[in-house]
Protein chains: 2
Amino acid sequence: MPQVSTKPALTRAERAYTRAEPDARRHSLILACARVLAREGVGGTSVRAIALEAGVSPGLVGHYFAGIDALVAATYAEVESRVSEALDAALAQAGSDPHARLEAFVTASFRAPIADPELLATWIAFWSLVRARPGIARQHDEQYAAFRLRLEQLLADCGVPAARLRRAAIGVTALVDGLWLELCLSPQAFGAQEAAEIARGALAGITSTGR
Amino acid sequence: MPQVSTKPALTRAERAYTRAEPDARRHSLILACARVLAREGVGGTSVRAIALEAGVSPGLVGHYFAGIDALVAATYAEVESRVSEALDAALAQAGSDPHARLEAFVTASFRAPIADPELLATWIAFWSLVRARPGIARQHDEQYAAFRLRLEQLLADCGVPAARLRRAAIGVTALVDGLWLELCLSPQAFGAQEAAEIARGALAGITSTGR
DNA sequence: GCACTTGTTGTACGAACGTCCAACAAGCAA
DNA sequence: TTGCTTGTTGGACGTTCGTACAACAAGTGC
């Protein structure tokens, strides 16, 4: 992105102002931030990179958010919301059979819209921020606790004994995260369908033995 | 870390030069880099932060490595080596029973020296670099392929059918990674011992059904 | 057309970045 | 003690960072 330093600022005729509603602008900045986090990682994510990705001027980040950290936090909320909605939708379509519901909930993570390498990469970037940013850590804790609680409920509906619920939920959550990680970082190793099969196998083991 | 800008440079009497052998100095910079990556994440890891952590002057990073990226790559190699050695040691102590060996190999990830929150946090930082840095991606691919290959061998020794080896190895690797992630990011949720129990349960499922 | 509201641009600014290197200094041998 | 080798310091330099904001401009109502 070289800037020809001898080139004068754009004339009035050359500047292109494109107005957008505040919510729409905020949303497009959030999406741009997610994409930059995914592609460049945390180290390559800057106000200028996000603005360039969004096709706007850098000042807009400061105008619409209390700074880049606030934008990243808003991006976390957006991505998390997208994942939650996909899980909700999977459950809504799963019917009432407990095993089908459990499987739908877990395997939704390996289908669109979740199993998108870009979304997974953004998610990995968020993981890497948890320890250094208390705000992201809070968001992370809430989201994970909610996911695990829900998973426990679904597992309980499948007859997993109460004494084993917690560990089963932790294990399934870990398996999903680990498969996400490798789906994203080593896409040549296996794909989303295989990940779903692996997860199904694990669920079958857990629910068949009540282990 | 405010620097009193009116304070003159240290006089000759105040400067403290401490010499170290090149290898020792390189190693201490690598360890400092690992600690900073763990604590501050990628975004907070800079030449100055690492040098401060190592108790030396920033110029030493450039003296001993071809820049901060080379130092990070060297840090990856060091941490990976530390993990591999721990796994080797666990296997060496496990005896000849295939099931004991498999369990030792997998649960070693949940014992010292591996299950150290700082090491895990450094590892998460490396994950977040994989997509944006080809060199780290190469290191990552090699390390993961080697781990999975080894795991497949151990699983095969336990009688897991050849047709199921690959997926079993992928699943166990994912489970380990996911448990690492949460051990590090949500230490209040569960501990290393419980992680080991969860992993043992998963291994028992895989090896008992030959699934 | 004008005035006002409100969204946009792009740059100034101080701070921090990675890299480079001259000056310094520890340690050793003669 | 001197000279040499080699490790260390810390600051210069150009670049990039996040933030702030003056100037600009789109869009609306009168």
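Naming: A, B, ... by sequence-line order, numbering from 1 per chain.
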> Starting at the 5' end of DNA chain C, which residue's closest nucleotide do you reach first, A/Arg25 or B/Ile68?
Replying inline: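 Taking each residue's closest nucleotide, the earlier one in sequence belongs to A/Arg25.
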
Counting side-chain heavy atoms from C-beta on, which of [options] comes nearest to [X]?
X	options	result
B/Leu60	C/dG18, D/dG10, D/dT9	D/dT9
A/Tyr17	D/dA25, D/dT6, C/dG18	D/dA25
A/Arg19	C/dG10, C/dT8, C/dG18	C/dT8
A/Pro22	C/dG7, D/dT8, C/dG18	C/dG7

> Are the side chains of A/Ile170 and A/Arg166 in touch, meaning some heavy atoms are under 4.5 Å apart?
Replying inline: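 In contact.
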
Without decimals, in angstroms, what is the distance between [X] [atom1] and [N] [atom2]?
X	N	atom1	atom2	value
B/His27	D/dG7	NE2	C1'	19 Å
B/His63	C/dA25	NE2	C1'	14 Å
B/Arg48	D/dT9	CZ	C1'	13 Å
B/Leu52	C/dC17	CG	C1'	15 Å
A/Leu29	D/dT19	CG	C1'	15 Å
A/Glu40	D/dT16	CD	C1'	14 Å
A/Leu71	D/dC17	CG	C1'	15 Å
A/Glu21	C/dT5	CD	C1'	13 Å

> Hey, are B/Thr122 and B/Glu118 close enough side-chain-wise for a donor-acceptor pair under 3.5 Å?
Replying inline: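 No, B/Thr122 and B/Glu118 have no side-chain donor paired with an acceptor closer than 3.5 Å.
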
>> Distance alone, cut at 3.5 Å: any donor-acceptor contact between the side chains of A/Ser186 and A/Glu182?
In response: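 Judged by distance alone, the side chains do pair up.
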
Is [X] touching bases, backbone alone, or none of the nucleic acid, heavy atoms closer than 4.0 Å?
X	answer
B/Tyr64	sugar-phosphate
B/Gly62	nothing
B/Val61	nothing

> Does a nitrogen or oxygen in the side chain of A/Ser46 sit under 4.0 Å from OP1 or OP2 of D/dC17?
Replying inline: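 Yes, within the criterion.
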
> Which is it for A/Asp69 and A/Arg133 under the salt bridge (charged side-chain N to carboxylate O under 4.0 Å, His left out) test, yes or no, and what are the steps along the way?
Replying inline: CA-CA 9 Å; A/Asp69 289 350; A/Arg133 298 198 190 175; 3.2 Å; yes

> Checking side-chain contact (heavy atoms from CB on, under 4.5 Å) for the pair B/Leu154/B/Leu91: CA distance, chi angles, key distance, verdict?
Replying inline: CA-CA 10 Å; B/Leu154 291 168; B/Leu91 270 187; 4.2 Å; yes

